[in-house]
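All values reported here derive from a predicted model rather than from experimental measurement. Convention: sequence-line order gives letters A, B, ...; per-chain numbering from 1. Atom set for the values below is all heavy atoms of this structure, side chains included, hydrogens, waters and symmetry mates excluded.
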Protein chains: 2
Amino acid sequence: MADGPTINTIAERAGVSIASVSRVLNGLPTRQETERKVLKAAEELGYVRNAVARSLKSRRTNQVAFAMADVGNPAYLAMLRQIQPVLKAAGYRLVLHSTDAVAADEIDVLHSLGERYVDGLIMSPLRVTDAHLEMLAAARAPVVIIGSVPEGTPVDNVRADSRTGVRLAVHHLYALGRRRIAMVNGPIDTVPGAARGAAYREALENLGLPYDDDLVQIGDFYRAEGARAVAELLARVPDVDALMCANDLIALGALDVLRAAGRRVPDDVAVVGMDDTDLAAASWPSLTSVSLGSAERGKVAAELLLERLRGGDSEPRVVTVAPRLAVRASTAGPAYEGASDGSDRKEGGA
Amino acid sequence: MADGPTINTIAERAGVSIASVSRVLNGLPTRQETERKVLKAAEELGYVRNAVARSLKSRRTNQVAFAMADVGNPAYLAMLRQIQPVLKAAGYRLVLHSTDAVAADEIDVLHSLGERYVDGLIMSPLRVTDAHLEMLAAARAPVVIIGSVPEGTPVDNVRADSRTGVRLAVHHLYALGRRRIAMVNGPIDTVPGAARGAAYREALENLGLPYDDDLVQIGDFYRAEGARAVAELLARVPDVDALMCANDLIALGALDVLRAAGRRVPDDVAVVGMDDTDLAAASWPSLTSVSLGSAERGKVAAELLLERLRGGDSEPRVVTVAPRLAVRASTAGPAYEGASDGSDRKEGGA
DNA sequence: TTGTATGCGTTATCAG
DNA sequence: CTGATAACGCATACAA
């Protein structure tokens, strides 16, 4: 682990100036003989150019940061899976931040952009505070936000459309003949909870179905909480024939409880999850789920950022990714579904 | 997005030298008045220190790389989830590489260590070739390998113990009274396939059970392949009463097929998976699975690397992480398991 | 305590 | 085509 060779080392050994070394290494016009000597010396010394010095000079780091709210959350991991290859293909390294859903940490990341250790940033904040907006306005590098920012914020913005997503699911259930469609939601003081709850109500109105408070059960976004919520719901509204769950974990909890209660899925009660995580295909019966396009949002965000890095100076862009309904056994499929091979039927939305 | 201020900008504005600015910014002894002026100027200019220049000078980047074989693989994601917070707490940024299981890409990452854009590396290679060993011997920064490297390789090494893992599972099945324990494996020319196959054989011998070729079915590490393999196995050996599957996906495929064939799990056939991914707890019945400690290996690797970065100059260390058996419904649990709350019963290994 | 000057490893400019 | 030299932004040894 001795100190590595620099262009100075090479220059000495080859008997030329560091300028010539640099030229050869960068493929600039050089006399054959010089080139030969330099390459030979570099080879013998096992020279590798120093990325830090290069960055200082070029003012580019070839690094891009992705700040996710939570490394453990499958939705963000889906984004990561798409972002990674796009950046890699373009020659950028990926610096990963997990902000643990703490707003202060997100602000920190935004602030550290000023350190110029990356050329750009993709961020998926939990919610956007005034402090966020302030930092975004002053950002010293291009930023793409996955989520929603107010009109006028000077950053590119990739959005999900949970309203349409919920509508797709509710309409799907309606088309299957379900009329007592309940909503099992997470806390409504969260951004997704509020959005999904409102979307549910809207979808019902849209179909001319009455909105019934009894059909709405609030719990939390975890499996155990989902199970508890569904148990309560069943006790209160025994004739429910469909469950719109605010995420896949809640839906898994629902399946647990329905099974224990002897209700057949989907025959007696149809179940729909949200986020379309890997768990949806793994469960039994496999779970119909609304994809809000985490993966695609990641991909689009990466592409938008790359355009900026290439010098695109257009106005801030807003892209909304269409949700999709992945229909599986919990609403419509056969009781036994062949092993998942990624070819689930999907219905486009928008 | 104008050019950011530097210590020169501050020095001018505050009417002091850049040396004083640097001193103030680094908390070195300074006259109150000077400090005040510098801080004021820095504040007004919105100064943030340039990480690149700082790295060039200090020869430290405060970045660590993690090279995973595949961003999509839950086992590596489990490592990532543990590595991230450890590094973050120590003030390091995480640079993520996905080598897509291509050996050349791994060599690339090792080579690029010479660029000094990170202070250290954690790598989990699929298999270790001579080229790997050569690069590891010449590495210009501390490296920790998750996986196995030959004795004498000058890097820290965190290993799994699939032999003990398989033994735990097979003994568990035996203790439940199973005597026709089959193995559903992936390709045996892969490292994990070979290791797990051998371990199965050894575990049987250990118990005095006869090894029967008919009880071994080779497929691939995917759900559909697992299902196919189990279907064949059932046709050939109808009296099988337990399945040791080489990973969770294969086990999920096994559950599909058993269900379709009307075999009750675990009553008729017990099923064990490996890797203990999230899917194991999500399936129904929930899946007993051998954890090879992906998460813990990640954590240990990060800690070992940090020690090196702090200057630990000890001999290369080898840490082996004990496997654990997470017992769930597919072997021993009740038919209905309350929603998963992370409190699965575990049996320690050695 | 403060300022001057130098170097970290590269790239780029400008004479020769 | 080549070499000397000046940045890039910061930290620091040394002199004042």
Side-chain angles (χ1 to χ4, degrees), chain A residues 1-39 41-42 45-63 112-119 140-141, chain B residues 2-42 45-63 112-119 140-141:
Chain A
M1 241 173 284
D3 253 28
T6 73
I7 54 173
N8 284 286
T9 330
I10 297 180
E12 262 181 62
R13 184 174 190 119
V16 299
S17 73
I18 62 168
S20 286
V21 175
S22 178
R23 276 189 287 261
V24 170
L25 262 26
N26 289 302
L28 297 178
T30 324
R31 192 162 45 131
Q32 290 258 334
E33 172 63 7
T34 310
E35 178 174 343
R36 206 189 46 70
K37 283 191 296 188
V38 169
L39 290 180
L45 290 166
Y47 172 80
V48 181
R49 41 165 207 248
N50 184 309
V52 178
R54 176 170 249 243
S55 289
L56 180 58
K57 187 65 186 163
S58 68
R59 297 158 159 283
R60 307 181 59 243
T61 59
N62 293 314
Q63 293 190 156
S112 69
L113 264 189
E115 294 182 12
R116 306 207 147 274
Y117 67 99
V118 286
D119 299 336
R140 296 243 170 80
Chain B
D3 253 29
T6 73
I7 54 174
N8 285 286
T9 328
I10 298 181
E12 260 180 64
R13 184 174 191 118
V16 298
S17 74
I18 62 168
S20 287
V21 175
S22 178
R23 277 188 286 260
V24 171
L25 263 25
N26 288 303
L28 297 178
T30 324
R31 189 160 47 126
Q32 289 259 333
E33 173 63 6
T34 309
E35 179 174 343
R36 205 188 47 71
K37 284 191 295 186
V38 168
L39 291 180
K40 178 157 173 290
L45 290 165
Y47 173 81
V48 182
R49 66 169 191 263
N50 184 308
V52 176
R54 177 169 249 245
S55 289
L56 181 59
K57 184 71 185 161
S58 67
R59 296 158 157 283
R60 307 179 60 246
T61 60
N62 293 314
Q63 293 189 156
S112 68
L113 264 189
E115 295 181 11
R116 306 207 148 275
Y117 68 99
V118 286
D119 299 335
R140 297 244 170 78

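Contact of the Leu25(B) side chain with the Arg49(B) side chain is not registered, since no non-hydrogen atoms from C-beta on lie closer than 4.5 Å. Arg140(B) places a side-chain heavy atom less than 4.5 Å from the side chain of Val48(A).
Applying the side chain to side chain donor-acceptor pair (under 3.5 Å) test to Asn50(A) and every residue at least two apart in sequence or in another chain returns nothing. Applying the salt bridge (charged side-chain N to carboxylate O under 4.0 Å, His left out) test to Arg60(B) and every residue at least two apart in sequence or in another chain returns nothing. In this structure, Gln32(A) has no side chain to side chain donor-acceptor pair (under 3.5 Å) partners at least two apart in sequence or on a different chain. Among residues two or more places apart in sequence or in another chain, the side chain to side chain donor-acceptor pair (under 3.5 Å) test is passed with Glu35(B) by none. Legend: residues meeting side-chain contact (heavy atoms from CB on, under 4.5 Å) with Thr61(A), ordered by chain and number and at least two apart, are Ser55(A), Gln63(A), Asp119(A), Val52(B). Under the side chain to side chain donor-acceptor pair (under 3.5 Å) criterion, Glu115(A) pairs with no residue, sequence neighbours left out.
Residue Val16(A) is classed as a sugar-phosphate contact, given heavy-atom separations below 4.0 Å to backbone atoms only.
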message = For nucleotides 8-16 of chain D, give me one character per nucleotide, 5' to 3': B if any protein heavy atom sits under 4.0 Å from the base, S if the only such contacts are to the sugar-phosphate, - if neither.
response = BBBBBB---
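With rounding to whole Å, Arg36(A) atom CZ is found 17 Å from dC1(D) atom P.
Within the structure, the side-chain hydrogen bond (donor to acceptor under 3.5 Å, both in side chains) test picks out the following pairs touching residues 17-31 of chain B (sequence neighbours left out): Ser22(B)-Asn26(B), Asn26(B)-Arg54(B). For residues 13-22 of chain B, the salt bridge (charged side-chain N to carboxylate O under 4.0 Å, His left out) pairs, not counting sequence neighbours, are Arg13(B)-Glu44(B).
In 5' to 3' order, the nucleotides of DNA chain C bounding all contacts with chain A (an atom under 4.0 Å from a heavy atom) are dG9(C) to dT13(C).
Defining each end axis of the helix from dT1(C)-dA16(D) to dG16(C)-dC1(D) as the rotation carrying four pairs' C1' atoms onto the next four, with five pairs an end, the two axes are found to diverge by 50° to 10 degrees.
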